[in-house]
Amino acid sequence: MKLIRQFFRYIRDGFKNIWNNLFMSLSSVITLTLTLSLCSLFVLFAHNTSNFTEQVESEIKIFVEFSKEATQEQIAAAIDLMKSQEHVADIIHTTKEEEYTDFINRIGEDDPELATFFENTSDENPLRDSVVVAADDVKNVDEVAKVVKEIDGVDYVDYGEESSLAAFSNITNIIRKSFSWIVVILLILAVFLIQNTIKLTIYARKNELKIMKLVGASVSHVTVPFLIEGFIIGILGAVGPILFTIYGYQFLYELFGGVLVIPMLQMTAPFPTVYELGVLIGILSIIVSLLGSFFAVIKYSLKI
């Protein structure tokens, strides 16, 4: 029972500290709220840009067309050679007959008479066998394409140059790294602000703490209320960012219909991502606040 009463007394003293130093406590809560909201925004942006990059890279393919003179044996040998390449992830082969059938079907959807005309008048299939080659990584597309160009029977290779294909990936990586450093700096600033808030509370109660130590108060009795104060600031500072993360991102997702600019750029679905990020923000807020409180207690209250 004594421990329970002592625990609730620590909580009471923590709230009392916040009330007695209300302005700085509110400043800490507001700063922590803004910092964690920005952290949430940066994390969601980084997560979506990573998702966009994967989507763009998954669409990058090498289109290969064989020469008209290439025999089926040469084509089969060329495909086997492509499959044996280190960085080739997948190959889709389409014969010239399949190409021609698909061509007639597409024309038939718009103009059946024209499709019938082509079928009746074309004695020879003018199309060629082709393959679509997928590399295992966007950075290897250029290397795979150069190898494919040298294979016997290959007449035409179409792909984006490495510099243009990797540009989007490199830019998003730079943005993610920059945002990561910004988040770290903001969190460090939040720690220092909370430390200063607790320091002011300690200085305001300096004489009281001296008397408590003189009459034999334990170290925990002196320091724990300040840690509780930081813990409470952490909880209060996490409420806004958690609501912003869950409801703000859900609102944006519904506003844009889950798509940014072009259909290929699909936004990350809100659930369960926002819930996981909300929990992470709550934990982070408490850790940051406790760190600030701990540093203030070690640096100031124990030296009184």
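Counting begins at 1 with the first residue of the sequence. Just so it is clear, the values below take in all heavy atoms, side chains as well, and ignore hydrogens, waters and symmetry mates. Please read all numbers here as calculations on a predicted model, not as lab measurements.
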Taking the side chain as C-beta and beyond, is there a heavy-atom pair between Y100 and I104 under 4.5 Å?
-> yes
Under a 4.5 Å cut-off applied to non-hydrogen side-chain atoms, are Q250 and V274 in contact?
-> no
Taking atom CD1 of I30 and atom OG1 of T35, what is their separation to the nearest 0.5 Å?
-> 11.5 Å
Return yes if some donor-acceptor pair links the side-chain N/O of S178 with the main-chain N/O of I174 below 3.5 Å, else return no.
-> yes
Got a donor-acceptor contact below 3.5 angstrom from the D155 side chain to the E65 backbone?
-> no
Heavy-atom pair of closest approach, residues F42 and I182 = CE1-CG2, 3.3 Å
Should S40 and L277 count as side-chain neighbours, where that means a heavy-atom distance under 4.5 Å?
-> yes
Any chance you could measure I202, atom CD1, to S293, atom OG, to the nearest 0.5 Å?
-> 8.5 Å
Is it the case that more than 12 heavy atoms not belonging to Y253 sit under 6.0 Å from its OH atom?
-> yes
H93 and F66 aromatic ring geometry - parallel, tilted or perpendicular at 30°/60° bounds = perpendicular
Taking all non-hydrogen atoms of both residues into account, name the closest pair between S37 and F244 and its distance.
-> O-CE2, 3.7 Å
Go through the steps for K61 and I92 under the test side-chain contact (heavy atoms from CB on, under 4.5 Å), then give the verdict.
-> CA-CA 10 Å; K61 301 290 189 293; I92 300 175; over 6 Å; no
Contacts under 3.5 angstrom, residues 184-197 side chains, donor-acceptor by atom type, not counting sequence neighbours:
from: N196; atom 1: ND2; to: F192; atom 2: O; distance (Å): 3.3
from: T197; atom 1: OG1; to: S28; atom 2: OG; distance (Å): 2.4
from: T197; atom 1: OG1; to: L193; atom 2: O; distance (Å): 3.0

Looking only at atom types and distance, does a side-chain atom of N48 sit under 3.5 Å from a main-chain N or O of L44, one as donor and one as acceptor?
-> yes
Cluster overlap L252 with V43, hydrophobic side-chain contacts below 4.5 Å = yes
Full working for side-chain contact (heavy atoms from CB on, under 4.5 Å) between L41 and F45 | CA-CA 6 Å; L41 188 64; F45 180 83; 5.7 Å; no
Find the distance between CZ (F294) and CG (L227) and round it off to the nearest 0.5 Å.
-> 8.0 Å
Roughly how far apart are I151 CD1 and Q74 CD, rounded to 0.5 Å?
-> 12.5 Å
Same cluster (ILVMFWY, side-chain, under 4.5 Å), F231 and V239 = no
In Å, rounded to the nearest 0.5 Å, how long is the span from OH of Y249 to CG of L255?
-> 12.5 Å
Would you indicate whether F63, at its atom CZ, is surrounded by more than 12 heavy atoms from other residues, nucleotides or ligands within a distance under 6.0 Å?
-> yes
Non-hydrogen atoms of G240 and T33 that approach each other most closely | CA-CG2, 4.3 Å
With respect to I75, which candidate in V154, D129, D80, T95 satisfies the side chain to side chain contact (heavy atoms under 4.5 Å, CB included) definition?
-> D129
For atom CG of D152, decide whether the heavy atoms of other residues, nucleotides or ligands shown that lie under 6.0 angstrom number more than 12.
-> no
Same hydrophobic cluster for I242 and I287, using side-chain heavy-atom links shorter than 4.5 Å among ILVMFWY?
-> yes
Identify whether L34 and V183 are in the same connected component of the hydrophobic contact network (ILVMFWY, side-chain heavy atoms under 4.5 Å).
-> no
Closest approach of G230 to S289 (non-hydrogen atoms, all atoms of both residues) | O-CB, 2.9 Å
In one Ile/Leu/Val/Met/Phe/Trp/Tyr side-chain cluster, 4.5 Å: I62, I91 = yes
Locate the shortest heavy-atom distance separating D136 from E86; write the atom from each residue and the value.
-> OD2-O, 4.2 Å
Calculate, to the nearest 0.5 Å, the distance between atoms SG and CG belonging to C39 and L280 respectively.
-> 9.5 Å
With a 4.5 Å limit on heavy-atom distance, are the side chains of E254 and P270 in contact?
-> no
Heavy atoms from other residues, nucleotides or ligands near CZ of F179 exceed 12 (cutoff 6.0 Å) = yes
Where V144 and A135 come nearest, the two heavy atoms and their spacing = CG2-CB, 4.3 Å
May I ask you to decide if S27's main-chain N or O and T31's side chain share a donor-acceptor pair within less than 3.5 Å?
-> yes
Heavy-atom check, side chain of Y203 versus side chain of K199, under 4.5 Å = yes
